[in-house]
Amino acid sequence: MIQTLRGTKDIVGSEIFYWHHLETIARELLRRANYQEIRTPILEATELFARGIGETTDIVNKEMYTFLSKGEESITLRPEGTAGVVRAYIQNKLQGIQRLWYMGQMFRYERPQKGRQRQFHQLGLELIGSADPRADGEAIALAYEILQALGLQNLLVSLNSVGDHTDRMGYRGALVDYFTPYLADLDPDSQQRLQRNPLRILDSKDPKTQTICQSAPNIWDYLQPESRRRFDRVQALLTDLKVKFRLEPRLVRGLDYYTHTAFEIQSQDLGAQSAVCGGGRYDRLVAELGGTDTPAVGWAMGLERLILLLENLQTLNPPPIDFYIVSRGERAESYALVVWQQLRQAGFQVEMDLTGAKFDKQLKRADHASAKAAIILGDSEADNHTLQVKWLGEGRQETTTIEDLFTRLAPRKNHD
RNA sequence: GUGUCUGUAGCUCAAAGGUUAGAGCGCCUGACUGUGGAUCAGGAGGCUGUGGGUUCGACCCCCAUCAGACACCCCA
């Protein structure tokens, strides 16, 4: 049997109702904030991610689906959304402040576990063109409110500032100085990180490394006054917006392009992969990718993780349909098809039984389809142009005509 | 890439190395020949993930492989 590749899955059966629910709420909140959807290709030049995300990151080093196309060009299935959106911003010469959102598949070659797949979905937001701390507040508040609107509980917003480039270089040097004497006591992964990305040592889960980190230098001591003021302002704005957050000096996002604001929203109801949303400010990325120097802030949510939480929260059932048409006999079956068309064109949601089985079997299926009413058609109804309508909730049955049904139920028309 | 655990009917799970691999739910049929849900009776459905091996004999033990779960790494 041919089956799905490791780390990929079908979204099948009632799971789709959770996706629709999530999409409906997110779309509505983003519409109110006048964000515009953008759809960029899943396939991009490998160089876009190498330059955008950073050559030293794990995403670029070991997690990308990269291959050569027939023209020997190196292409990659996107591992995240921001680089592509920024590429589109530059390529399409978008100007001024752009409020953009996207939703779609992302790909990372990793071992799957709870809340992590190789092909997964992200909902992302990018607010490009403003350095105003209010832009940070806007982006974070929207993420927070979307998660709240979904009814998620036990959410924790972690906030940090990683400063600008000079702040970070100073801090990085201080960390290297601090950790070097302890080199032998660090876990092997962190030993590697000391050269590549010492900031990452801070969120190691190794207990011994953790103790060493206790008295490591704090990034806040390396923020220049201007960066510090900016950080304070973002905190004040979030408080005004009633976003509850926790300051987390160790929070370091995995991608190289972040500056100043970094944040993450975690759920305590997931396993180890607890981050449902991550993001921050990336003032250098547009220039890095060849555009004019443009500040920006954004985030991404992992939708599979949100779906897991939603499924724990509530059971969504398929909405009931209006009519299930049951028919038996040659003339009745032809008549049923016409009734099916008329009901549908009048705006009702209708399903017609195709089995030709006995009425009790077909009615059982009507019940199973959670239809409000079954329309029962035999040859005598076909001859008289009447309908037997059985209201399944109350069990009442009536003889009527399709015209009568239309006038009584004032059906929704297709066009408004 | 590393570690631990798990693969038996559509689903959830049984079956001390020893007859013909079972049960619940679901599905189908009938009781009820033009009337759903409940009840009762019956039925279909399995190369025990796959490929090797050990054994008189393997769902069970061994090896490999594929897949899944969880964790590490990393991230959403």
Side-chain angles (χ1 to χ4, degrees), chain A residues 1-9 12-13 53 56-64 79-82 103-124 143 147 187-190 192-193 196-197 200 203-207 251-255 263-267 270-279 298-309 324 326-329 332 353 355 357-382 388-397 399:
Chain A
M1 184 179 55
I2 299 174
Q3 43 191 10
T4 53
L5 299 171
R6 165 169 261 189
T8 70
K9 55 173 287 220
V12 73
I53 300 171
T56 64
T57 61
D58 279 2
I59 290 180
V60 171
N61 275 317
K62 53 179 208 189
E63 295 175 6
M64 293 207 303
E80 57 101 52
T82 302
M103 176 156 53
Q105 293 91 334
M106 306 294 161
F107 303 83
R108 290 182 200 174
Y109 191 87
E110 299 178 277
R111 283 283 286 271
Q113 70 185 74
K114 188 183 181 73
R116 171 198 283 168
Q117 292 170 227
R118 289 184 171 179
Q119 176 176 337
F120 62 105
H121 295 75
Q122 283 186 339
L123 168 71
L147 297 173
D187 60 283
D189 286 318
S190 293
Q192 297 283 319
R193 286 186 280 226
R196 272 206 177 146
N197 198 340
R200 207 73 66 67
D203 49 27
S204 168
K205 284 176 190 168
D206 182 84
L251 175 69
V252 181
R253 314 262 54 257
L255 290 63
F263 80 99
E264 184 170 287
I265 305 178
Q266 292 176 311
S267 165
L270 286 166
Q273 309 305 318
S274 57
V276 293
C277 177
W299 48 253
M301 291 180 184
L303 300 190
E304 278 76 7
R305 293 179 188 179
L306 294 185
I307 297 286
L308 284 174
L309 294 172
Y324 190 95
V326 159
S327 62
R328 192 159 163 76
D353 195 291
T355 61
K358 292 197 221 166
F359 279 120
D360 60 342
K361 300 302 168 197
Q362 295 194 45
L363 279 164
K364 193 170 181 174
R365 269 189 287 276
D367 197 48
H368 203 80
S370 59
K372 291 173 193 156
I375 293 182
I376 302 164
L377 305 175
D379 283 339
S380 59
E381 283 78 18
Q388 293 289 327
V389 178
K390 179 161 191 167
W391 299 95
L392 293 174
E394 42 194 310
R396 180 170 55 87
Q397 183 166 332
T399 307

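Below, chains carry the letters A, B, ... as their sequence lines are ordered, and counting in each starts from 1.
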- [ ] Identify whether any heavy atom of A:Arg108 sits under 4.0 Å from a base atom; if not, whether one sits that close to sugar-phosphate; answer base, sugar-phosphate or nothing.
- [x] base
TODO: Have a look at A:Gly271 and say if it touches a base, only the backbone sugar-phosphate, or nothing, with a 4.0 Å heavy-atom cut-off.
DONE: sugar-phosphate
Open item on the list: When you measure from the side chain of A:Gln122 to the backbone of A:Met301, do you find a donor-acceptor pair of N or O atoms at a distance under 3.5 Å?
Closed with: no
Open item on the list: Check this one for me: any side-chain N or O of A:Gln113 less than 4.0 Å away from OP1 or OP2 of B:A71?
Closed with: yes
- [ ] For A:Lys361 and B:G34, give me the distance from atom NZ to atom P, rounded to whole Å.
- [x] 13 Å
TODO: Please report, rounded to the nearest Å, how far the P atom of B:A76 is from the CE atom of A:Met301.
DONE: 13 Å
Open item on the list: Using the side-chain contact (heavy atoms from CB on, under 4.5 Å) definition, which of the options A:Gln105, A:Met106, A:Lys9 pairs with A:Gln119?
Closed with: A:Gln105
TODO: Ignoring hydrogens and angles, answer whether the base of B:C70 and the side-chain atoms of A:Arg116 contain a donor-acceptor pair closer than 3.5 Å.
DONE: no
TODO: Just call it for A:Ser380: base, sugar-phosphate, or nothing, with non-hydrogen atoms closer than 4.0 Å on any strand.
DONE: base
- [ ] Flag this pair as yes if the NZ/CZ of A:Arg118 is under 6.0 angstrom from the six-membered ring centre of A:Tyr109 and inside a 45 degree cone about the axis; otherwise no.
- [x] yes
Task: Candidate list A:Thr82, A:Asp58, A:Ile59, test side-chain contact (heavy atoms from CB on, under 4.5 Å), partner A:Ile53, passing option - done: A:Ile59
Task: For B:A41, the Watson-Crick or wobble counterpart (both distances under 3.5 Å) - done: B:U29
Open item on the list: Regarding A:Arg116 and A:Glu110, does a basic nitrogen lie under 4.0 Å from an acidic carboxylate oxygen?
Closed with: yes
- [ ] Determine whether any donor atom in the side chain of A:Lys62 lies under 3.5 Å from an acceptor atom in the base of B:G1, or the reverse, and answer yes or no.
- [x] no
Task: Touch class at under 4.0 angstrom, heavy-atom based, for A:Gln117 against every strand present - done: base
Open item on the list: Within the 3.5 Å criterion, strictly below it, is a donor on A:Thr355 or A:Asp353 matched to an acceptor on the partner's side chain?
Closed with: yes
Task: Mate of B:G1 where both pairing distances stay under 3.5 Å, Watson-Crick or G-U - done: B:C72
Task: Per A:Asp58 side chain, nearest of listed nucleotides B:G36, B:C73, B:A71 - done: B:C73
Open item on the list: Could you tell me how far B:C60 sits from B:C47 if I compare only their P atoms? Round to whole Å.
Closed with: 16 Å
Open item on the list: Between B:A21 and B:C62, how far apart are the two C1' atoms, rounded to whole Å?
Closed with: 23 Å
TODO: Check whether any side-chain nitrogen or oxygen of A:Lys358 sits under 4.0 Å from OP1 or OP2 of B:G30, and answer yes or no.
DONE: yes
Task: Sugar-phosphate only, base, or nothing, as touched by A:Ala366 at under 4.0 Å among non-hydrogen atoms - done: nothing
TODO: Take atom P in B:C27 and the same atom in B:U19, then report the distance between them in whole Å.
DONE: 34 Å
Open item on the list: Tell me if the side-chain of A:Arg111 makes a donor-acceptor pair with the base of B:G68, cut-off 3.5 Å, by modelled atom types.
Closed with: no
- [ ] Using only side-chain N and O atoms of A:Arg328, determine if any of them is under 4.0 Å from OP1 or OP2 of B:G34.
- [x] yes
Open item on the list: For B:U35, does the base pair up with any side-chain atom of A:Gln362 as donor and acceptor (N or O, under 3.5 Å, distance only)?
Closed with: no
- [ ] Classify the nucleic acid contact of A:Glu264 as base, sugar-phosphate or nothing, counting any heavy atom under 4.0 Å across all strands shown.
- [x] nothing
Task: Sugar-phosphate only, base, or nothing, as touched by A:Gly7 at under 4.0 Å among non-hydrogen atoms - done: sugar-phosphate
TODO: By nearest nucleotide on RNA chain B, pick out whichever of A:Arg305 and A:Asp189 is the more 5' one.
DONE: A:Asp189
Open item on the list: Can you give me the closest heavy-atom contact between A:Arg305 and A:Leu270, atom names plus distance?
Closed with: CB-CD1, 3.9 Å
TODO: Identify, between A:Gln397 and A:Ser274, the residue whose nearest nucleotide on RNA chain B lies closer to the 5' end.
DONE: A:Gln397
TODO: Looking at every strand, decide which applies to A:Lys364 at a 4.0 Å heavy-atom threshold: base, sugar-phosphate, or nothing.
DONE: sugar-phosphate
Task: Pair of N/O donor and acceptor under 3.5 Å linking B:G68 base with A:Gln3 side chain - done: no
Open item on the list: Under 4.0 Å, heavy atoms only, any strand: does A:Gly329 hit a base, just the sugar-phosphate, or nothing?
Closed with: nothing
- [ ] Can you tell me, in whole Å, how much space there is between the P of B:U6 and that of B:A14?
- [x] 12 Å
